[in-house]
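Within every chain, numbering begins at 1; the chains are lettered A, B, ... in the order of the sequence lines, protein sequences first and strands thereafter. The shown structure was predicted, so the numbers you read here are calculated from the model rather than taken from an experiment.
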Amino acid sequence: MIGLLVGVPLLGAAVLLCGGRRLDRTGHWLGTLLAAVSFAIGAALFASMLGEDAESRAMHSKLFSWVPVEGFQADVAFQLDQLSMTFVLLITGVGTLIHLYSVGYMEHDPGRRRFFGYLNLFLAAMLLLVLADNYLLLYVGWEGVGLASYLLIGFWQHKPTAATAAKKAFIVNRVGDAGLAIAIFLMFTTFGTFAFAPVLSSAGDASEGQLTAIGLMLLLAACGKSAQVPLQSWLGDAMEGPTPVSALIHAATMVTAGVYLITRSGAIFNGAPDAQLVVVVVGAVTLLFGAIVGCAKDDIKKALAGSTMSQIGYMILAAGLGPIGYAFAIMHLVTHGFFKAGLFLGAGSVMHGMNDEVDMRRYGGLRKYMPVTFVTFGLGYLAIIGFPGLSGFFSKDQIIEAAFAKGGTEGWILGAVTLLGAAITAYYMTRVMLMTFFGEERWRQAPTPSPAEPDVEPAAETRGEHAEPHPHESPKVMTIPMIVLAFGSVFAGGIFKAGDSFVNWLEPVTAFEHGHSPVSATTVTAATVVSLVIGVGAAWFQYGRKPVPVVAPRGNLLTRAARRDLLQDDFNHVVLVSGGTHLTRSLVYVDHKVVDGAVNGTAATFGGLSGRLRRLQNGFARSYAVSMFGGAAVLIAATLLMRAV
Amino acid sequence: MSPINYVYLAALLFTIGAAGVLIRRNAIVVFMCIELMLNAANLTLVAFSRMHGNLDGQIMAFFVMVVAAAEVVVGLAIIVMLYRARHSASVDDASLMKL
């Protein structure tokens with residue numbers, strides 16, 4: 001039954017990718033159907049799980065022995081506990097909705113069948129990741145989602161930017177994957193196994209140093225997959241992929257794999273306070289980093305990508321807080337899955353109606369053209385900024401409270417950072433909202449011609465495409481998933497919070513301690529609301545009160561840096577790319593001069609020597625005879641001499 | 001007469017043969033010089049056999065004679081063929097085995 005969860009979408013991927021052209025007309029519905037079947041299986045398992053006692057809910061099923069070697073047992077076995085179940089429902093639920101949305105979004109794309117094949121492949125890999133009962137199988141899923149992400153970012157590979165972005169995502173992810181591999185190696189040497197149950201139950205036996213090393217390597221893996229500083233640079237470029245992909249993979253599910261990994265390995269981090277501190281710092285830094293980037297981007301998807309980075313920063317931070325934060329990290333993850341997927345689908349709907357224009361400075365006043373998109377996007381917006389009563393409010397508020405509860409100076413710093421993050425979140429999301437749906441209609445305003453623009457007239461159809469968009473609401477197949485996700489954005493948080501149901505649900509897996517915050521919960525909530533108001537107010541002051549210029553103003557130093565992803569790419573280029581280039585160049589130099597020199601020199605020496613020696617071979621029998629006689633004479637003389645001595 | 005004198009004679013014959021091999025160009029003469037050296041060796045074998053009073057050396061001498069006879073057959077045949085092919089019996093002319 002658990003195996004089917006993974007198997008159904010995998011079958012879909014196989015059929016769609018191998019089925020060829022004959023599936024072009026029906027393939028997208030097949031893919032959607034299989035995703036829905038997977039969700040139905042998940043829901044059925046969830047129902048049967050609810051019927052059990054809290055302690056006996058975890059299910060285990062072994063499919064087969066993968067590597068049965070003495071002292072090295074790797075099984076393909078699944079473990080479905082409350083944590084996995086949460087992910088399964090999120091992945092298959094949001095996944096099914098996004099499949100449905102893609103039916104409309106990708107309607108005119110010639111590669112639609114391939115697209116659905118990749119989406120199914122992603123679902124299978126992601127489910128494998130969260131259902132694996134050991135780290136090695138998790139690694140398979142981990143690589144699988146990386147592959148699917150690469151394929152989908154580069155789905156429009158005829159665009160050089162998309163192809164580059166796909167490669168960038170893949171390569172940056174490799175760095176994190178190397179961390180996961182090393183973590184698994186360390187686990188095997190420390191515990192002799194890498195299955196969850198024995199590793200996590202015996203984590204207390206290992207020394208703190210070992211646990212810290214494993215924890216830091218796991219964190220590196222999480223940084224790669226979840227786009228955390230310093231491996232975050234790929235996420236912004238990943239927006240080159242089709243928007244449903246950005247919604248599913250680069251917002252709702254795959255990028256949260258790092259949070260899953262850290263939460264799952266909670267027992268390891270609990271024994272390694274230093275690693276936990278690094279996790280918290282990474283989360284806090286990324287939280288602000290992503291938020292600042294999100295403030296400066298004019299590309300609607302990139303602004304949302306910055307926001308994703310920042311929200312995952314919240315989750316990583318919460319996961320780094322230990323048992324007081326795990327449940328909230330996952331809770332925020334789920335609510336974020338709803339509202340961020342909804343926001344991305346809204347962005348996709350806007351782009352769909354605006355001829356794939358992504359520059360928010362060319363939007364404006366879209367609310368009367370796209371009422372459904374406006375309302376669903378608006379609800380997602382209210383949820384993400386943490387408007388009281390909506391999903392984001394409950395989950396984010398809990399994280400902020402837990403951050404204060406960390407205690408000591410750290411607690412105050414973390415609390416302040418999370419509050420600041422909440423304010424910036426409110427600012428950039430309000431900015432997106434105002435620039436897209438409010439204000440005057442700016443898409444008709446011709447852009448000021450820049451001198452760099454070539455004099456030749458653009459091709460007729462390109463010009464026709466961009467000259468005058470006619471904003472219109474998207475078809476039902478796209479708006480229905482948005483409406484469903486909007487419901488999730490509104491109510492999920494409240495349902496999870498009611499009677500601490502979510503925390504109690506996860507408690508058998510992640511353990512839970514009530515943090516003791518130095519400030520009362522009411523104060524934290526009040527502070528959150530105040531920072532929210534400040535953020536929204538600042539954004540309104542800048543973008544709502546006066547018209548938005550179509551061409552971006554130059555901006556101050558911070559804005560310009562943030563537009564360039566806070567110089568992350570430049571940093572990578574200078575330090576890693578140039579450094580790597582110089583390193584390889586000098587290695588090539590050493591190889592040419594030293595290694596090749598030694599080998600070629602030896603060969604040349606022997607070549608020259610033998611060239612001289614072969615002159616002795618002159619063909620005259622008598623000279624050979626002389627050498628024979630000479631040699632014999634020398635031998636005899638030597639023998640006699642030895643005798644005499 | 002002391003048998004040691006035969007050894008001296010053998011040394012003399014061997015030296016003459018060796019010098020002939022090294023100095024003369026005519027293949028026939030070189031060949032004869034080789035025979036001379038072989039027979040010098042035979043003479044020492046017989047002389048030492050006599051000096052030590054056992055017959056091993058003499059038996060060895062017979063072996064050498066038989067091998068020398070066989071060698072003469074092959075060697076002369078080669079020289080005749082060489083002469084037919086190159087119209088010369090000079091060993092220095094046949095210096096093709098070189099680089």
Among residues 57-82 of chain B, residues within the sub-4.5 Å heavy-atom range of chain A, in order of number, are none

A:Phe188, CZ atom: more than 12 neighbouring heavy atoms under 6.0 Å: yes

Please output the residues of residues 20-44 of chain B in contact with chain A, using a heavy-atom cutoff of under 4.5 Å, in numerical order. B:Val21, B:Leu22, B:Ile23, B:Arg24, B:Arg25, B:Met37

Over 12 non-hydrogen atoms of neighbours within 6.0 angstrom of NE2 in A:His158: yes

Tell me, yes or no, whether the heavy-atom count around A:Phe72 atom CZ, taken from other residues, nucleotides or ligands under 6.0 Å, exceeds 12. yes

Just to be sure I understand the criterion: a residue of residues 621-631 of chain A counts if one of its heavy atoms is under 4.5 Å from a heavy atom of chain B. Which ones qualify? A:Arg622, A:Tyr624, A:Ala625, A:Val626, A:Phe629

What residues of residues 584-612 of chain A make heavy-atom contacts with chain B at a cutoff under 4.5 angstrom? none

How about A:Tyr150: does its OH atom have over 12 heavy atoms from other parts shown lying under 6.0 Å from it? no

